Amino acid sequence: MSSSSSPTSNTVPLKACVIAIVGTGMIGRSWAATFARAGHPVRLFNRNPAKAHASLDAILATLRVLSDADLLHQQTPESVLKRIEVCDDLHDAVGQAGFVQENIAEEPEAKRDLFRQLNDIAPEDAILASSTSHIVPSVFLEESSGANRSLVAHPLNPPHLCPLVELLPSPWTSLESVQRCRKRMLDIGQRPIVLQKETEGFVVNRLQGALLDEAFNLVAEGIASVADIDDAIKHGLALRWSFMGPFETIDLNAPEGVRDYLDRYAESYVSLGQSRPARHPWTGQLAAQVIEERTRALDRADLDARRAWRDRQLAALVAHKRRVESETP
């Protein structure tokens with residue numbers, strides 16, 4: 001089964017169904033906007049009803065950012081918001097759902113208990129997905145009788161702007177459930193990849209972790225500042241990586257392609273790896289240095305404003321990528 005396909009003009013849209021969003025933190029709110037934008041009725045649930053109701057203002061702000069970037073498909077933010085309903089009872093949120101997206105805290109026992117409840121409440125044909133960023137599904141699905149229809153669907157943050165979703169089935173998840181979840185994600189405009197087996201951290205966080213380890217090492221060894229390392233990524237590697245992956249990058253970076261690249265540079269990367277210092281833990285004086293440099297660069301009181309700026313930049317980038325996607329040879 002290919003995991004790299006994207007929606008095409010002749011893709012038959014899935015029938016709109018009720019989407020239950022369980023957990024209304026940053027990820028849950030973003031998922032709600034993503035599903036509602038695609039035309040689905042969305043039901044929000046949080047154990048604290050006040051938080052669920054308060055999330056509607058944040059979702060409306062998110063939808064306005066999407067609208068400003070022409071990413072609402074000619075809909076108004078208010079019309080999309082009308083598809084989102086807050087439910088004070090889990091049964092009301094999940095009882096008629098065709099798809100459930102869980103977004104609670106990263107606590108295995110809490111997820112285990114919740115998935116037992118979801119399996120009891122949700123219709124038999126509903127897909128049950130978790131947004132967990134690092135807990136492999138076998139940890140919380142081992143005792144679930146609904147494991148065959150349950151899996152991880154881990155988004156990048158925020159999913160309404162970052163379309164990648166990592167689909168990770170448990171050993172008991174059926175192939176049909178994976179395919180249905182993948183189709184649902186494609187249908188709402190996300191870009192799913194399917195992992196072939198469980199691994200801690202999945203794909204994205206393992207890649208990010210390797211880069212962060214090296215970034216912390218460079219700071220610890222006194223080679224570069226936090227700001228200069230950020231510049232090396234955002235003005236260098238990230239420009240290419242925003243539209244190409246690392247393997248396509250090296251395929252295009254040698255005259256005869258990837259084999260030529262490996263012949264030319266593989267040995268130098270071996271040398272780099274051997275010269276790399278042992279991993280520096282992200283604690284103690286190193287952590288203090290990174291915190292101090294970032295705090296000096298951005299006052300903690302300005303974090304929310306900077307996140308809003310980030311979302312506007314991401315929206316503009318997503319809109320640009322969609323405009324030029326048809327030019328891809």
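Note that the coordinates shown come from a computational prediction; the quantities given were computed from them, not determined experimentally.
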Linked hydrophobic residues, Val226 as query - side chain contacts closer than 4.5 Å: Leu212, Phe216, Leu218, Val219, Ile223, Ile229, Trp282, Leu286, Val290
Arg112 bridged to Glu142 by N-O distance under 4.0 Å: no
Side-chain heavy atoms of Leu161 within contact of Asp311, under 4.5 Å: yes
Audit row: Arg116, Glu143, side-chain contact (heavy atoms from CB on, under 4.5 Å) steps and yes/no: CA-CA 8 Å; Arg116 290 195 197 103; Glu143 299 175 7; 3.0 Å; yes
N/O donor-acceptor pair under 3.5 Å between Arg149 side chain and Ala126 backbone: yes
Main-chain N/O of His160 paired with Ser30 side-chain donor or acceptor, under 3.5 Å: yes
Asp89 side, atom CG; Ile121 side, atom CD1 - distance, nearest 0.5 Å: 7.5 Å
Student check: side-chain heavy atoms of Leu44 and Cys87 closer than 4.5 Å: no
Interatomic distance, Leu303 atom CG to Arg294 atom CZ [nearest 0.5 angstrom]: 8.5 Å
Verdict with reasoning, Met185 to Arg180, per side-chain contact (heavy atoms from CB on, under 4.5 Å): CA-CA 9 Å; Met185 291 298 163; Arg180 288 177 57 210; over 6 Å; no
Verify same cluster id: Met26, Trp31 (apolar side-chain graph, 4.5 Å): no
Any side-chain donor near an acceptor of the partner, Ser174 and Ser177, under 3.5 Å: yes
Close side-chain approach of Leu14 and Lys183, heavy atoms under 4.5 Å: yes
Val136 reachable from Val152 in the ILVMFWY side-chain graph, under 4.5 Å edges: yes
Co-membership, hydrophobic cluster, residues Val65 and Val318, 4.5 Å side-chain: no
Salt bridge (charged side-chain N to carboxylate O under 4.0 Å, His left out) partners of residues 222-235, not counting sequence neighbours, each pair once: Asp231-Lys234
Working for side-chain contact (heavy atoms from CB on, under 4.5 Å), residues Val18 and Val94: CA-CA 8 Å; Val18 173; Val94 175; over 6 Å; no
Audit row: Ile21, Asn103, side-chain contact (heavy atoms from CB on, under 4.5 Å) steps and yes/no: CA-CA 7 Å; Ile21 303 295; Asn103 314 277; 3.4 Å; yes
In one Ile/Leu/Val/Met/Phe/Trp/Tyr side-chain cluster, 4.5 Å: Leu164, Leu207: yes
Any Asn148 side-chain heavy atom under 4.5 Å of Trp172 side chain: no
Minimum side-chain heavy-atom gap Leu168-Pro137 below 4.5 Å: yes
Polar side-chain atom of Arg312 near backbone of Asp68 as donor-acceptor pair, under 3.5 Å: no
Within-4.5 Å side-chain heavy-atom neighbours: His134 and His154: no
Check: Leu298 main-chain N/O paired with Arg300 side-chain donor or acceptor under 3.5 Å: yes
Side chains of Glu106 and Ile135 in contact at under 4.5 Å (non-hydrogen atoms): yes
Side-chain heavy-atom pair Leu141, Phe115 within 4.5 angstrom cut-off: yes
Residues Thr199 and Arg206: side-chain donor-acceptor under 3.5 angstrom: yes
Hydrophobic cluster identity match, Leu72 and Leu314, side-chain contacts under 4.5 Å: yes
Worked verdict on Lys82 versus Glu78 for salt bridge (Lys or Arg N to Asp or Glu O under 4.0 Å): CA-CA 6 Å; Lys82 286 180 180 178; Glu78 291 75 15; over 6 Å; no
Distance (rounded to the nearest 0.5 Å) between Ser144 OG and Lys111 NZ: 13.5 Å
Spacing of OG1 belonging to Thr132 relative to CZ belonging to Phe140, to within rounding of 0.5 Å: 6.0 Å
Residues Glu256, Arg264: salt bridge by 4.0 Å N-O rule: no
